> 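Here it is, the structure, as structure tokens.
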There are 2 protein chains.
Amino acid sequence: MKNLVSRCPIEEVMQVLSGRWPTLLIYYLKVGTNRFSDLRRKNPTISHKMLALELRKLEDAGIVVRTEFDGYPLRVEYDLTPAGHKLVPLIDALGDWWESVETVTTGERGGLRVVEISATKKSASRLIL
Amino acid sequence: MKNLVSRCPIEEVMQVLSGRWPTLLIYYLKVGTNRFSDLRRKNPTISHKMLALELRKLEDAGIVVRTEFDGYPLRVEYDLTPAGHKLVPLIDALGDWWESVETVTTGERGGLRVVEISATKKSASRLIL
DNA sequence: CGGAATCCGCAATGATACTG
DNA sequence: CAGTATCATTGCGGATTCCG
């Protein structure tokens with residue numbers, strides 16, 4: 001995402017929380033301290049580089065603290081800040097909202113019109129009209 | 001953003017709400033009906049094409065309804081669905097969180113270490129150490 | 001081990017033109 | 001007016017390498 005187009009605070013948060021990783025990282029950090037390599041192990045598909053970039057972004061936003069320990073090999077721990085913890089229930093609420101939504105999606109399959117109806121995102125039944 | 005890496009509901013919402021436009025569009029739609037061209041006028045920097053794509057994404061997610069009127073010239077109206085309205089306070093809460101966060105950012109300027117301290121994102125004072 | 005720098009492909013986005 | 005299609009461009013994000 002490039003520069004902001006407004007000073008709307010909503011747009012500013014989204015600047016930080018947008019993308020696949022920020023919310024996942026907060027999800028893993030909410031239960032406690034994680035080292036860099038912990039987070040890599042828990043997110044097997046994130047690249048070394050992206051993890052570093054995303055963590056720095058969250059740190060700059062005041063969501064995550066970075067603690068560096070002397071010694072070799074290097075050791076760095078990450079935690080949510082108090083502000084970061086305050087964010088968790090909000091993000092969870094978004095997830096809960098998602099699960100509660102009813103959707104109807106239509107498509108085509110073999111010349112037949114297929115309508116997929118789900119009471120929630122979890123349980124979808126399928127009709128062919 | 002490409003395909004999901006998990007079935008975490010949080011990641012699924014973010015799939016829809018990520019990016020600069022979704023939250024801004026919801027922001028404008030929360031006060032009432034908007035035509036395609038209304039939304040263009042209110043978001044001068046979004047391209048015609050992107051607006052169409054983002055609106056379709058929100059529609060597929062069950063957040064927005066599209067209503068087409070016959071006649072010429074064409075006329076289409078967009079509204080939040082009930083599910084979309086339920087999302088508004090959550091997004092607002094994210095914005096409120098952002099404004100309440102304290103941050104300390106450090107940098108360099110002309111060989112001097114500059115520390116920027118803000119009680120909230122809104123009011124930042126600047127120190128030179 | 002944690003991180004920075006470089007290179008590079010691909011997906012996202014923009015510009016433009018065309019349609020009902 | 002609203003939307004699609006096509007093409008050009010950008011910039012994200014992955015792979016790799018080097019450093020403390």
Side-chain angles (χ1 to χ4, degrees), chain A residues 1-6 11 14-25 28-29 33-61 63-79 106-108, chain B residues 1-6 11 14-25 28-29 32-61 64-79 106-108:
Chain A
M1 203 162 44
K2 284 191 289 189
N3 292 330
L4 298 175
V5 298
S6 73
E11 194 184 352
M14 294 313 294
Q15 183 96 348
V16 177
L17 296 185
S18 263
R20 184 190 310 173
W21 305 115
T23 51
L24 277 180
L25 295 181
Y28 287 117
L29 285 170
T33 303
N34 277 258
R35 299 183 55 175
F36 188 87
S37 45
D38 292 333
L39 293 172
R40 283 222 68 186
R41 215 168 314 108
K42 293 171 182 169
N43 299 275
T45 62
I46 195 174
S47 70
H48 191 94
K49 171 190 173 184
M50 283 311 295
L51 181 54
L53 288 177
E54 296 291 334
L55 283 172
R56 202 157 316 286
K57 189 171 70 172
L58 292 174
E59 198 191 345
D60 291 344
I63 294 171
V64 156
V65 252
R66 198 187 96 104
T67 315
E68 195 173 334
F69 295 88
D70 290 336
Y72 204 87
L74 223 54
R75 179 179 160 202
V76 179
E77 291 185 350
Y78 290 92
D79 283 283
T106 60
E108 194 89 18
Chain B
M1 204 162 45
K2 285 190 290 190
N3 292 330
L4 296 175
V5 298
S6 73
E11 194 184 351
M14 293 314 294
Q15 183 95 351
V16 177
L17 296 185
S18 264
R20 184 189 312 173
W21 306 116
T23 51
L24 277 180
L25 295 181
Y28 287 117
L29 285 169
T33 302
N34 277 260
R35 299 184 55 174
F36 188 86
S37 46
D38 293 332
L39 292 172
R40 282 223 68 187
R41 215 168 314 108
K42 293 171 184 171
N43 300 275
T45 61
I46 194 174
S47 70
H48 191 96
K49 173 186 171 185
M50 282 311 295
L51 181 54
L53 288 177
E54 296 290 335
L55 283 171
R56 204 155 316 287
K57 189 170 70 171
L58 292 174
E59 198 190 346
D60 292 343
V64 156
V65 251
R66 198 187 95 105
T67 315
E68 195 174 334
F69 296 88
D70 290 336
Y72 204 87
L74 224 53
R75 178 179 161 204
V76 179
E77 291 185 350
Y78 290 92
D79 283 284
T106 60
E108 194 90 18

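A quick note: this is a predicted structure, and the numbers were derived from the prediction, not measured. Lettering of chains follows the sequences in order, A, B, ..., and the numbering in each one begins at 1.
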> Is the side chain of B:T33 donor-acceptor paired with the backbone N or O of B:D79 at a distance under 3.5 Å, no angle test?
no
> Using only atom types and a distance under 3.5 Å, with no angle test, would you say the side chain of A:N34 pairs donor to acceptor with the backbone of A:Y28?
yes
> What is the distance from NZ of B:K49 to P of C:dT16, rounded to the nearest Å?
13 Å
> Are any of B:R56's side-chain N or O atoms less than 4.0 Å away from OP1 or OP2 of D:dT4?
yes
> Pairs in or reaching into residues 33-46 of chain B: which pass salt bridge (Lys or Arg N to Asp or Glu O under 4.0 Å), with residues at least two apart or in two chains?
B:D38-B:R41
> Return the nearest nucleotide to the side chain of A:L74; candidates are C:dC1, D:dT6, D:dG14.
C:dC1
> Could you give the CE-to-P distance, from B:M50 to D:dA2, as a whole number of Å?
18 Å
> Between D:dC1, C:dC1, C:dG14, which one does the side chain of B:P73 approach most closely?
D:dC1
> Mapping B:Y72 and A:L53 onto DNA chain D by nearest heavy atom, which one lands closer to the 5' end?
B:Y72
> For B:E77 and D:dC1, what is the distance between atoms CD and P respectively, to the nearest whole Å?
14 Å
> Any chance you could measure B:S37, atom OG, to B:L51, atom CG, to the nearest 0.5 Å?
9.5 Å
> In whole Å, what is the span from the CD atom of B:E54 to the P atom of D:dA2?
18 Å
> Rounded to whole angstrom units, what separation is found between the CD atom of B:E59 and the P atom of D:dG3?
9 Å
> Distance check needed: C:dG20 P versus B:E68 CD, whole Å only.
14 Å
> Between P on C:dA4 and CG on A:L55, what's the gap in Å once rounded to a whole number?
11 Å
> Can you find a donor-acceptor pair, distance only, under 3.5 Å between B:H48 side chain and C:dG14 base?
no
> Rounded off to whole Å, could you give me the CD-to-C1' distance for the A:Q15 and D:dC12 pair?
14 Å
> What nucleotide among D:dG3, C:dG2, C:dT13 has an atom nearest to a side-chain atom of B:V76?
D:dG3
> Among the candidates D:dG14, D:dA2, C:dG14, find the nucleotide nearest to the side-chain atoms of B:R66.
D:dA2
> Is B:Y78 touching bases, backbone alone, or none of the nucleic acid, heavy atoms closer than 4.0 Å?
sugar-phosphate
> Could you walk me through whether A:L74 and A:F36 satisfy the side chain to side chain contact (heavy atoms under 4.5 Å, CB included) test, starting with their C-alpha distance in whole Å, then the side-chain angles of each, then the deciding distance to 0.1 Å, before giving a yes or no?
CA-CA 10 Å; A:L74 223 54; A:F36 188 87; over 6 Å; no
> Would you please confirm or rule out a distance under 4.0 Å between OP1 or OP2 of C:dC1 and any side-chain N or O of A:R35?
no
